[in-house]
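First the proteins, then the strands, lettered A, B, ... as listed; each starts at 1.
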There are 2 protein chains.
Amino acid sequence: MQDTLTETTDETTVRMGEIQNSLGFLLRVAQIQTFERFFETLGDYGLKPGEFTVLWVIGLNPGLRQGTIAATLSIKPAHMTKLIGRLAKQGLVARTTPADDRRAVRLTLTDQGRTFVAENKSAFLAQNAFERNQMSPEEMETLIGLLRKLTGREADAS
Amino acid sequence: MQDTLTETTDETTVRMGEIQNSLGFLLRVAQIQTFERFFETLGDYGLKPGEFTVLWVIGLNPGLRQGTIAATLSIKPAHMTKLIGRLAKQGLVARTTPADDRRAVRLTLTDQGRTFVAENKSAFLAQNAFERNQMSPEEMETLIGLLRKLTGREADAS
DNA sequence: CGTATTTAGTTTCCGCGTAAACTATTTTCT
DNA sequence: AGAAAATAGTTTACGCGGAAACTAAATACG
């Protein structure tokens with residue numbers, strides 16, 4: 001990381017000023033890094049973090065409406081359609097149109113999908129692995145708590 | 001937020017399980033929210049967070065190499081080319097090919113760019129505004145500190 | 001009941017960000 | 001010096017994510 005920096009730098013270090021403490025900036029960098037880390041572990045399956053999360057939620061809430069998931073995970077409806085399309089094509093989720101409301105789409109995991117989530121659950125959650133950074137378990141816990149507060153997701157939906 | 005949830009939910013609340021405490025998940029949500037907030041304030045100018053950050057860094061480091069900025073801000077070279085192209089077209093940055101290395105591109109802010117950054121600096125940094133969440137100033141400070149640690153940006157480049 | 005409104009998803013179109021291939025320049029090596 | 005390798009950026013092709021317009025179904029309303 002520092003290598004990447006010096007590698008390309010011409011002479012001096014880059015001055016960043018107050019932006020080093022900008023929440024938006026730090027979140028962006030953190031997310032990029034997390035993303036990269038995700039691919040090191042789960043990327044082989046061609047799934048992205050958001051997609052795995054969707055699988056996860058469907059697994060915990062079988063028969064959930066497509067739009068509900070979209071709203072919960074801040075995924076735009078248009079995107080949701082395509083995302084589910086991909087997962088369906090991979091045989092991981094199944095779409096059902098219920099008789100009582102034929103506009104709706106209810107989602108469930110296929111057997112394959114269930115297996116997939118079960119097998120990769122730990123790998124996905126291991127993102128938190130603080131060993132890789134210099135964070136202590138306590139710090140990581142604090143960080144997660146603060147992020148939950150920031151995002152208004154303190155209430156535990158178990 | 002809770003409204004969005006209940007609004008679209010059919011019956012019960014969505015169960016999320018351990019993923020509620022997943023760093024990657026929380027970072028994603030946090031970033032989406034920050035992004036939206038950004039547009040409420042600075043979006044009128046048609047600039048995105050990353051673009052403003054680039055302007056900022058060029059302002060602090062005039063004559064910096066394009067690739068150096070890309071590496072520092074985790075922006076891919078290919079993207080950087082287009083991003084700078086946009087900013088140049090808007091008359092905010094100027095590209096110069098130095099005589100000593102004619103492959104390189106050095107960047108500076110135009111007068112217009114300098115003015116723009118000066119005028120919007122405070123709006124951009126106000127993203128941190130903890131008033132909008134229920135975070136206390138101390139919590140926000142802790143959060144930022146932990147994010148810096150997480151991303152390996154603890155060393156202060158002033 | 002039949003029309004108007006709302007709701008659920010989908011489709012279309014577009015721009016962003018990326019990987020891979022490419023161009024131009026500089027450095028290395030013999 | 002001259003060929004090979006490395007470096008800086010750009011171009012091309014492509015998939016993802018989003019806004020807006022659209023379709024289909026359900027509810028409201030007179």
Side-chain angles (χ1 to χ4, degrees), chain A residues 3-11 28-29 31-33 35-36 38-39 43 46-54 63-90 93 95-107, chain B residues 3-11 28-29 31-33 35-36 38-39 43 46-54 63-90 93 95-107:
Chain A
D3 271 349
T4 317
L5 204 148
T6 30
E7 194 176 35
T8 332
T9 297
D10 23 0
E11 54 271 347
R28 178 176 157 279
V29 176
Q31 219 215 345
I32 291 176
Q33 291 180 1
F35 217 86
E36 284 170 358
F38 177 85
F39 284 122
L47 274 197
K48 282 174 302 165
E51 295 171 335
F52 188 86
T53 306
V54 168
L64 205 57
R65 303 267 304 267
Q66 181 171 314
T68 307
I69 298 187
T72 308
L73 301 181
S74 300
I75 295 175
K76 295 290 178 320
H79 181 205
M80 194 66 182
T81 299
K82 301 183 204 173
L83 195 158
I84 294 297
R86 271 176 260 150
L87 294 178
K89 191 181 298 181
Q90 292 177 70
V93 311
R95 284 179 273 210
T96 334
T97 303
D100 63 310
D101 186 343
R102 306 200 15 254
R103 299 167 300 179
V105 178
R106 294 195 175 271
L107 301 171
Chain B
D3 270 349
T4 317
L5 204 146
T6 30
E7 191 177 36
T8 331
T9 296
D10 22 359
E11 52 273 346
R28 178 175 157 278
V29 176
Q31 219 215 344
I32 291 176
Q33 292 180 359
F35 216 86
E36 284 170 359
F38 178 85
F39 283 123
L47 272 199
K48 284 175 302 167
E51 295 172 335
F52 188 86
T53 306
V54 168
L64 207 57
R65 301 268 304 266
Q66 180 170 315
T68 308
I69 298 187
T72 307
L73 302 182
S74 301
I75 295 174
K76 295 291 181 317
H79 181 205
M80 194 65 182
T81 298
K82 299 186 203 172
L83 196 160
I84 293 298
R86 273 176 258 150
L87 295 177
K89 192 183 295 183
Q90 292 177 72
V93 311
R95 283 179 274 210
T96 335
T97 302
D100 62 310
D101 186 342
R102 304 197 19 249
R103 295 169 302 180
V105 178
R106 293 195 174 270
L107 301 171

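- The CZ atom of Arg106(B) sits 10.5 Å away from the OG1 atom of Thr97(B) when rounded to the nearest 0.5 Å.
- Distance CZ/Arg103(B) to CZ/Arg65(B): 7.0 Å, rounded to 0.5 Å.
- If you take CZ on Arg95(A) and CG on Leu107(A), they are separated by 8.0 Å, rounding to the nearest 0.5 Å.
- Contacts between residues 80-90 of chain A and DNA chain D, defined by a heavy-atom separation below 4.0 Å, involve Lys82(A), Arg86(A), listed by number.
- Atoms CG and NZ, on Leu73(B) and Lys76(B) in that order, are 12.0 Å from each other to the nearest 0.5 Å.
- The shortest side-chain heavy-atom distance between Val54(A) and Met80(A) falls under the 4.5 Å cut-off.
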TODO: Using a 4.0 Å heavy-atom cut-off, write out nucleotides 20-26 of chain D from 5' to 3' as B (base contacted by protein), S (sugar-phosphate only) or - (no contact).
DONE: B----BS
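- Counting to the nearest Å, the P atom of dC16(C) and the CZ atom of Arg28(A) are 15 Å from each other.
- From Arg28(A), atom CZ reaches atom CD of Gln33(A) across 10.5 Å, with rounding to the nearest 0.5 Å.
- Interatomic distance, Ile75(A) CD1 to Lys82(A) NZ, rounded to the nearest 0.5 Å: 13.0 Å.
- Rounded to whole Å, the distance from NZ on Lys76(B) to C1' on dA20(C) is 14 Å.
- Residues meeting the side-chain hydrogen bond (donor to acceptor under 3.5 Å, both in side chains) test with Arg86(B), sequence neighbours left out: Glu51(B).
- Comparing His79(A) and Arg95(B) against DNA chain D, the residue whose closest nucleotide sits nearer the 5' end is Arg95(B).
- Taking atom CG on Leu73(B) and atom C1' on dC16(C), their separation rounds to 17 Å, with Å as the unit.
- When the P atom of dA8(D) is taken as reference, atom CD1 of Ile69(B) falls 14 Å away, rounded to whole Å.
- Computed from coordinates, the Arg65(A) CZ to dA8(C) C1' distance equals 7 Å when rounded to whole Å.
- Taking the six-membered ring where tryptophan is involved, the planes of Phe35(A) and Phe39(A) are perpendicular, since the angle between them exceeds 60° and thus also 30°.
- Summarising the geometry, the separation between CD on Gln31(A) and P on dC16(D) is reported as 17 Å, rounded to the nearest angstrom.
- Per the geometry, CG belonging to Leu107(B) stands 14 Å off P belonging to dA8(D), to the nearest Å.
- Between Ala104(A) and Ile32(A), the residue anchored closer to the 5' end of DNA chain C is Ala104(A), taking for each the nucleotide with the nearest heavy atom.
- Each of Gln66(B) and Ile75(A) was matched to the nucleotide of DNA chain D holding its nearest heavy atom; the match closer to the 5' end belongs to Gln66(B).
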